[in-house]
Structure formats: structure tokens, C-alpha cells
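Heavy-atom basis, side chains included; hydrogens, waters and symmetry copies ignored.
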Amino acid sequence: MTSIASHSQSNNNQLPDDLCQQQVKQILSSPDFSASPRRRTLLQFLVGETLAGRGDQLKGYVIATEALGRSDDFDARTDPVVRIEARRLRRDLDSYYGTAGRDDPIHLSIPKGAYAVLFEKAEASVPTQDATSPETARSTELKFETPEEPEESPQTRPTRSSTRPKAKLGRIKWIVFFGMFVLLVGVFGWVNRTSVFGALNTPRIIVLPFEALDASDGSRLIARSLSHDLVSDMMRFPDFRMYSTLVSDSLGTDADPIKLGRELGVSYVVHGNVQSDAGTLRLGSQLSDASTGQVVWSHTFNVPLIPDNLLEVRSKLSAALATTLGEPYGVVNAAIANRLNIDGVPSMDSYSCVLRAGEYRRTFEDKLFAPALSCLGAVVVKEPDYADAWAMLGWLNLDAARQDMVPEAEHPIYLTAAHDAATRSLELDPSNQRGYQALAAIEFSNENYAEAERLQRAALALNPHDPEILAQLGWRLAVRGNMDEGVAFLEKAIARSANPPGWYFHLISVHNYMEGNYAAALAAAEHSAEVGSAVGLSLAAISHAKLGSTDAASASLTKMAEAWPLLGRDPAAAYGNFQVDDHIVATLVEGLRAAGWSPSGPESR
């Protein structure tokens, strides 16, 4: 194709403005162009600015205030509307040119990294492909895209002629510590897992059309549209590449997973059926491994059928299924982690390193910490633009200090490294959810509570379906004394999570203990105590003591001290690492004393 970027650039192959505008009108009038009214307005604005020679000056603030109706106090840090709408507009254009617009003489696109429109004249020699061929299927994938650019802060909002310098990485001297791990690449190799991850080392998922098992209007309507909703909801989770519904719809409800894996490079296939009966709608869904055809997960969701509000029913089903599949500790990541464990070889693959770090953060098992940190250190040297790896590296460096994994004298080094890594993640990808989460945790650890809450709510705005983001926000609110709002977030996270980790329950246990509901406090504490969590064991110990189980309390204290010696020696200091409210700390320490703890520690008893 011949490319024409804008009139502000020197290009001998530029197309006349009237031809470009004619192509835009053709797109907007096509029934196959599925963009919303707001994205249609956005497309017209971007085209107009590009053709006027101002494409290189298009910034988020300008677009938000002049095209999307935002006010002058628009702040891109808390409102990602420009990035989201631009990403969706790219998908709209890709879908149009994959179907009705395949033979159009001019193709429009918005390349990643900018907002200026690219006009391309289609070459006559390029053959037309069938819409269902593997080549076309790959070209119409819905992909998680790198955000366009770091958004400007309110203090540096651009004028038409201003530009923003590239963000610089702060202190990164600590990365030298991880340079040695590059050598491991030569020893272990970078494992090629195309059957799981696909060509770009991220799992690829296709959602087949759902089958209606009865002839009711409700079942047929929901089955027909659910796959489209599910793709959109799954794309809120940053770990996967989703195939477009255009490709899915062409395959039917019973496509062979193994064939999809072989021909399209699919990792997993989501499929299922819908049936209504006696006022209840049943959604049966399965996840199949495309390399083996094995069904690795199956579940049935039952919801009341509301004939007058099928849209709400459909939305709730899609959100529930997307969360179950896509959350950090959900079905897909669990299947991938199980696959890695079965293989029995430590993988140095970048995505698997992020998964292993996530598994450590789920359980906080000491034995998982060093391998995960080492693996991430190697990844950011090999792939310095991998934002998720930087975010997880920020998390683990923070944990090294606050979980007492390294000598106290080294805590400042690791905390600085944590902040640098999380900041780097957001410099690379200003809409990276993990980056916001990691930086929020670091700011919270630095006692910048308001900023931590702002960052966490920004992550929640990017993905309101993610239970982990909800739980982190709830945990921090509760641990600072806002129990009512914090516990509500935690309970919502647990309800939405297919496999909630034990730490989701910690503050629920504390809340019940402080309310005198000791049996409920113990039940919540045991979710993490049973896997050896020191904090969970401490909460189990104080609950056992209140319930009169002195032997169980003593056993929990002993295990607690073994799991985290600092908690055994000085629980106030250990809890203080997490910025726990003083009143809560005093209550917990008093409970430990009642359970048999003494300053000399349970080791001496």
C-alpha cells in the first residue's frame, strides 16, 4: 500500500483531500461500520485535524475537550476515555476493512503511538482473501494495544504547537543486580510455548458463538450476542489476545479446538450454550485447550430470566463469565500455570515469569519469591519494553522490604527499586492496570494514602471486573480504619472471584474479630492460615483463643513464628509494615497476648 500520513509531512504520494473525505463518508455510511456515535465523531475530528496538517499535534487533552465533550479540567490520569475510544475506533476500522471495506481503494488507520490518521491507497496487485481464511483471521484479531502515548498532566496541558518530551527512567542502578540472570537465558533457553502462548508469548483466546438450546426469544437473543459482549469484557484483562467476533461468528458453535489451534494459533477456546426454563436462564460454558482439545473447565451459571430487561441479564452473564475466566487468579491463568507445572521445566518465558510472580503474590510463599524475582529481572533486561514485567518487578521489590525478605539495611534499596520499576511500567503503558496497582501499593507503603487510593481507583476504572483490584482497594481502606467501605469492596471481590486468595479474607477476619463474631473471624482467617500464611495464622490464633481452643491457638502461634519470625518477635512492627491503623494493631497484639504470645516469642515456650 501507498501511505499518506498528513499534509504536514513531505510525501510525494499524498492523496487529494477530497478522496480521503469521500472514503470517510463511505465508511460512516456503511452498515458494517459498527462504531458508536462518539467514535464516529472522533474519527471525523481526527481526519479533519490530520488533513489540516495538525496530526502531529493531536494530544489526549485536545481530543478529550474538543471531540469527546470533556470539560477544561480534564485529567487523563484519572479519565482514560481518549485511549479507550481510540483503541475501540482502531478495532472498528479493522473490522470494517476485514469485511465490507476489503476492496475500498483507500484504507484508513490510526497507527499505535499517535492519533494522526494514516491514509493508504490499496495496491491493485494485492489479492482479496476470503474472510474466513487463517490469514484474514489473524488480520482481524482484537489485540491488546500499546497505549498511544504518556498522557500529559494538567500542569503541562499542550497548546497546538507544544510537544511533550519523552519520559525518562529514574534511578535504575539496581537493574545491575539482575544482569547476571541474562546468562541464565543461555543455560535454560527461552521456552517456545506456541501451543499455549502463540507467537507473541501471550495466550490467544477465541470465543465461539453460544448455542441456544431452546426456541425462546430470550435464549436466542442472548446466545446470539453473548460472545460479542464476552470478547469486550475479556479485553479489559490485559493478559490475553482476543480474536474478533467476526472470525468467531464465521466458525459456528461446534468448531474443533485442535483445528483452531493448528490453523489460527489459538491457545484456548470458549464455547457453550444458553437455555431458559421456568423463569431461569442457564448459561453452560466450557474452556478447551486448543493444543489437546481437552475441556479444562466447565461451569453453569443460573440467573433469573427478566424478559423486559434482557440487556441487563446479558450484561451480568458476560461480566460474570469474563471475570471467572480472566481475573489474575482465574480459570485461564490457572490452566496455563498448571501446564507449566506439568512440563516440569522452569520456564524463562516472559509471560510465564509474570504468572509465577502472580502465584507468589497469591500465596506469599517464601520458596516462590526468589525464583520469581530472578525471572523478572532477566525479563526486563531481555525485553525492556514489557510493562507488565516492570509492574510485577515493582510489586516484588516492595514485598522484599515489607515482607522482610531481605536484611533491614537493604530495605531502602528495594523500595527505591520498587518505585522505579512501577513508574517505568506506566511510562511504557499509561493504561497498564498492574502498573497502577503496583504504584498504588508502593505509595501506600510510603504513607501517601490519598495518592494510593487515587491510583487504585484509576486501575478500577480501567477494569471494574477485576476482583484483585477491588480487593486491594478494600484492603487498604479497611486497614486504615474504614471498615464499612473496605469490607464491602472485599466481599464484592470474593463474590466475583472464582478462586479468591487467602489475603482477600484478612480484613474480613479482623472486622469480625473486632465485632465479637469470633467464629466468623476464624472461618475467614483459615482461608490463608491453612496454606501457611503468617498473618492468617495470627488471626486464627486470636480467634481460637476467644473460642476457648487454647491448644489450637498455641499451635497457630508456633506456625506463625516459623512462617515469619518478625511477627513472632514483634507483631506490632510486623503489622506496621502494612500501615495498619494503630487501633487495629493494638487490638491484634492484645489478642495475641490472650492467645499465649509473649515478647520473648512462642519459640521460648
Tightest non-hydrogen contact, residues Glu468 and Tyr504, listed as CA-OH, 3.0 Å
Taken in chain and number order and not counting sequence neighbours, the residues that satisfy salt bridge (Lys or Arg N to Asp or Glu O under 4.0 Å) with Glu526 are none
**Message:** Any heavy-atom pair between the side chains of Ser285 and Val270 that's under 4.5 Å?
**Reply:** yes
Quiz item: Is any side-chain heavy atom of Ile469 less than 4.5 Å from a side-chain heavy atom of Leu473?
Solution: no
Applying side-chain hydrogen bond (donor to acceptor under 3.5 Å, both in side chains) to Asn273 and not counting sequence neighbours gives none
Scanning both residues in full, the closest heavy-atom pair of Leu393 with Gly377 reads CD1-N, 4.3 Å
For Asp466, the side-chain hydrogen bond (donor to acceptor under 3.5 Å, both in side chains) test, sequence neighbours excluded, returns none
Sorted by chain and number, sequence neighbours left out, salt bridge (Lys or Arg N to Asp or Glu O under 4.0 Å) with Arg220 holds for Asp217
Residues passing the side-chain contact (heavy atoms from CB on, under 4.5 Å) test with Leu368, sequence neighbours excluded, are Glu359, Tyr360, Thr363, Glu365
* **Minimum side-chain heavy-atom gap Val266-Val269 below 4.5 Å** => yes
Across all chains, not counting sequence neighbours, the salt bridge (Lys or Arg N to Asp or Glu O under 4.0 Å) partners of Lys492 are none
What I'd like to find out is whether the side chain of Asp388 reaches to under 4.5 Å of the side chain of Asp429, using heavy atoms alone. no
Sequence neighbours excluded, the answer for side-chain contact (heavy atoms from CB on, under 4.5 Å) partners of Ser533 is His506, Ser528, Val535
Sorted by chain and number, sequence neighbours left out, side-chain contact (heavy atoms from CB on, under 4.5 Å) with Ala319 holds for Asp233, His465
Specify whether Trp297 and His299 have parallel, tilted or perpendicular ring planes, treating 30° as the upper limit for parallel and 60° as the lower limit for perpendicular. parallel
Closest non-hydrogen atoms of Pro384 and Leu428, given as atom of the first, atom of the second and distance, are O-CD1, 3.5 Å
Please examine the side chains of Leu108 and Leu118, heavy atoms only from C-beta on, and report whether any two atoms are closer than 4.5 Å. no
OH of Tyr436 to CG of Leu460, rounded to nearest 0.5 Å, is 13.0 Å
* **Donor-acceptor pair between Asn302 and Thr300 side chains, under 3.5 angstrom** => no
When every non-hydrogen atom of Leu396 is compared with those of Ala372, the smallest separation belongs to CD2-CB, 3.6 Å
Does any non-hydrogen side-chain atom of Ile27 lie less than 4.5 Å from one of Leu93? yes
Taking every heavy atom of Pro464 against every heavy atom of Leu470, the minimum-distance pair comes out as O-CD1, 4.3 Å
What one should report as the nearest heavy-atom pair of Ala391 and Gly435 is CB-N, 3.5 Å
Sorted by chain and residue number, the side-chain hydrogen bond (donor to acceptor under 3.5 Å, both in side chains) partners of Gln472 (sequence neighbours excluded) come out as Gln437, Gln456
Taken to the nearest 0.5 Å, the spacing of Ile205 CD1 from Leu325 CG works out to 7.0 Å
Interatomic distance, CZ@Phe364 vs CH2@Trp503, rounded to 0.5 Å, equals 7.0 Å
Residues passing the salt bridge (Lys or Arg N to Asp or Glu O under 4.0 Å) test with Asp277, sequence neighbours excluded, are Arg282
With no hydrogens and no angle check, is any side-chain donor or acceptor of Ser425 less than 3.5 Å from a backbone partner on Ala387?
yes
Tyr414 and Asp399: side-chain donor and acceptor closer than 3.5 Å?
no
**Report entry** Steps toward side chain to side chain donor-acceptor pair (under 3.5 Å) verdict (Gln294, Ser288)
**Finding:** CA-CA 5 Å; Gln294 178 187 5; Ser288 296; over 6 Å; no
Can you see whether Trp395 has Arg361 sitting over its ring - NZ or CZ less than 6.0 Å from the centre and within 45° of the normal?
yes
With the side chain counted from C-beta on, respond yes when Thr323 and Pro467 share a heavy-atom pair under 4.5 Å apart, and no when they do not. yes
| said: Contact between His271 and Val207 at the side-chain level, heavy atoms closer than 4.5 Å - yes or no? | reply: no
Sorted by chain and number, sequence neighbours left out, side-chain contact (heavy atoms from CB on, under 4.5 Å) with Ser216 holds for Asp214, Ser219, Ser276
Applying ring-ring contact (aromatic ring centres under 6.0 Å, His included) to Phe505 and not counting sequence neighbours gives His527
